[in-house]
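Notes to accompany the following structure.
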Amino acid sequence: GEIHNGADDNASGTASIIEIARAAMGERARFPRTLIFVAFAGEERGLLGSAHYVGAPSVAMSSTVAMLNLDMVGRSRGAVDVSGLEAAMSLKAELMSAAQAAGMIDIRQEGPGAGRSDDSSFIAAHVPAINFFTGFHPDYHRPTDDWQRIDKAGTARVATLALEFAARIAER
């Protein structure tokens with residue numbers, strides 16, 4: 001009987017993906033590779049959306065270079081956990097370059113780790129999957145996870161980092 005707006009989990013990731021897509025379309029020359037933007041449903045019911053996509057992708061999984069997952073990126077407070085690089089060390093240089101270009105955020109590699117979100121469907125398909133996550137908080141899965149508690153500037157910085165990272169991967 002309660003309303004759970006899910007401002008951080010996961011409207012923050014969905015809004016970030018929409019803004020990243022808008023920015024990428026505005027700077028299309030920076031992205032020589034095809035980018036696919038997807039907001040999956042059914043993550044907490046068994047990764048239903050991402051598993052379906054991996055089984056019937058828009059672009060062959062063998063041609064998919066990486067998956068960037070933005071799950072709960074609305075409470076940055078100046079930092080973001082980035083996981084999945086341990087399976088894709090070749091992407092670390094691009095991430096660090098993106099962070100420098102975005103000029104704003106402390107990158108930690110201590111979050112929940114890849115495989116706890118939609119990124120795990122891609123990992124199972126042998127596609128490098130990088131997860132961006134700004135941390136659990138007392139409002140997680142509660143009605144109090146509402147828009148007033150979102151760190152708007154921090155969320156924008158995480159989205160900028162992901163955009164810059166995608167641009168560098170696309171240039172490979």
Side-chain angles (χ1 to χ4, degrees), residues 1-26 35-58 64 66-85 87 95 98-99 102 104-125 127-167 169:
E2 297 175 309
I3 295 172
H4 293 242
N5 289 321
D8 191 22
D9 188 17
N10 191 31
S12 63
T14 303
S16 295
I17 291 168
I18 291 168
E19 290 305 313
I20 292 166
R22 184 187 328 255
M25 286 302 299
L35 301 180
I36 307 282
F37 293 91
V38 183
F40 299 116
E43 177 216 25
E44 292 168 349
R45 296 189 185 269
L47 306 170
L48 301 177
S50 59
H52 176 77
Y53 179 86
V54 167
S58 300
T64 302
M67 184 268 205
L68 305 184
N69 189 54
L70 285 82
D71 189 2
M72 292 180 58
V73 294
R75 305 272 185 111
S76 149
R77 294 177 294 284
V80 62
D81 292 326
V82 179
S83 58
L85 285 172
L95 178 65
M104 62 352 169
I105 198 158
D106 177 30
I107 295 175
R108 298 181 298 217
Q109 293 183 17
E110 57 192 44
R116 297 198 179 204
S117 186
D118 288 305
D119 52 343
S120 63
S121 296
F122 288 79
I123 291 166
V127 172
I130 310 304
N131 190 46
F132 295 81
F133 177 74
T134 58
F136 291 109
H137 46 73
D139 301 311
Y140 177 66
H141 286 186
R142 296 184 174 275
T144 53
D145 183 10
D146 221 335
W147 68 270
Q148 298 92 334
R149 298 182 187 236
I150 295 296
D151 170 10
K152 293 178 275 307
T155 304
R157 287 191 297 269
V158 173
T160 299
L161 172 63
L163 173 69
E164 292 298 324
F165 189 33
I169 293 171

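As a basis for the values below, the full set of heavy atoms in this structure was taken, side chains included, without hydrogen atoms, waters or symmetry mates.
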How far does [atom1] of [X] sit from [atom2] of [Y], to the nearest 0.5 angstrom?
X	Y	atom1	atom2	result
F122	N69	CZ	CG	8.5 Å
E44	D118	CD	CG	9.5 Å
W147	N5	CH2	CG	11.0 Å

- [ ] Report yes if some heavy atom in the side chain of F165 is under 4.5 Å from a heavy atom in the side chain of V82; otherwise report no.
- [x]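 F165 vs V82: side chains apart.
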Open item on the list: Within the structure provided, determine whether R149 and H137 are in side-chain contact (heavy-atom separation under 4.5 Å).
Closed with: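 No. Closest side-chain heavy atoms not under 4.5 Å.
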Open item on the list: Please check: side-chain N/O of T155 versus main-chain N/O of S76, any donor-acceptor pairing under 3.5 Å?
Closed with: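 Pair absent, no side-chain N/O of T155 close to backbone of S76.
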Task: Test item: D81 side-chain N/O and Q109 main-chain N/O as donor-acceptor pair under 3.5 Å - done: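 It does not hold such a pair.
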Task: Test log, rule salt bridge (Lys or Arg N to Asp or Glu O under 4.0 Å), inputs R75 and D151 - done: CA-CA 5 Å; R75 305 272 185 111; D151 170 10; over 6 Å; no
TODO: Go through the steps for I130 and L85 under the test side-chain contact (heavy atoms from CB on, under 4.5 Å), then give the verdict.
DONE: CA-CA 6 Å; I130 310 304; L85 285 172; 3.8 Å; yes
Write down the atom of [X], the atom of [Y], and the distance for their closest heavy-atom approach.
X	Y	answer
S16	L70	CB-CD2, 3.7 Å
S120	L47	OG-CD1, 2.9 Å
G78	I105	O-CG1, 3.6 Å
A162	L68	O-CD1, 3.8 Å
V73	F133	CG1-N, 4.3 Å
T160	A102	CG2-CB, 3.8 Å

When you compare the side chains of [X] and [Y], does any donor N or O come within less than 3.5 Å of an acceptor on the partner?
X	Y	value
E43	S50	no
N131	S117	no
H141	D9	yes

- [ ] Begin with the C-alpha distance, continue with both residues' side-chain angles, and end with the deciding distance and a verdict on side-chain contact (heavy atoms from CB on, under 4.5 Å) for H4 and D145.
- [x] CA-CA 7 Å; H4 293 242; D145 183 10; over 6 Å; no
TODO: Could you go through the side-chain contact (heavy atoms from CB on, under 4.5 Å) check for H52 and F40 one step at a time?
DONE: CA-CA 9 Å; H52 176 77; F40 299 116; over 6 Å; no
- [ ] Check step by step if side-chain contact (heavy atoms from CB on, under 4.5 Å) holds for D8 and I150.
- [x] CA-CA 7 Å; D8 191 22; I150 295 296; 3.9 Å; yes
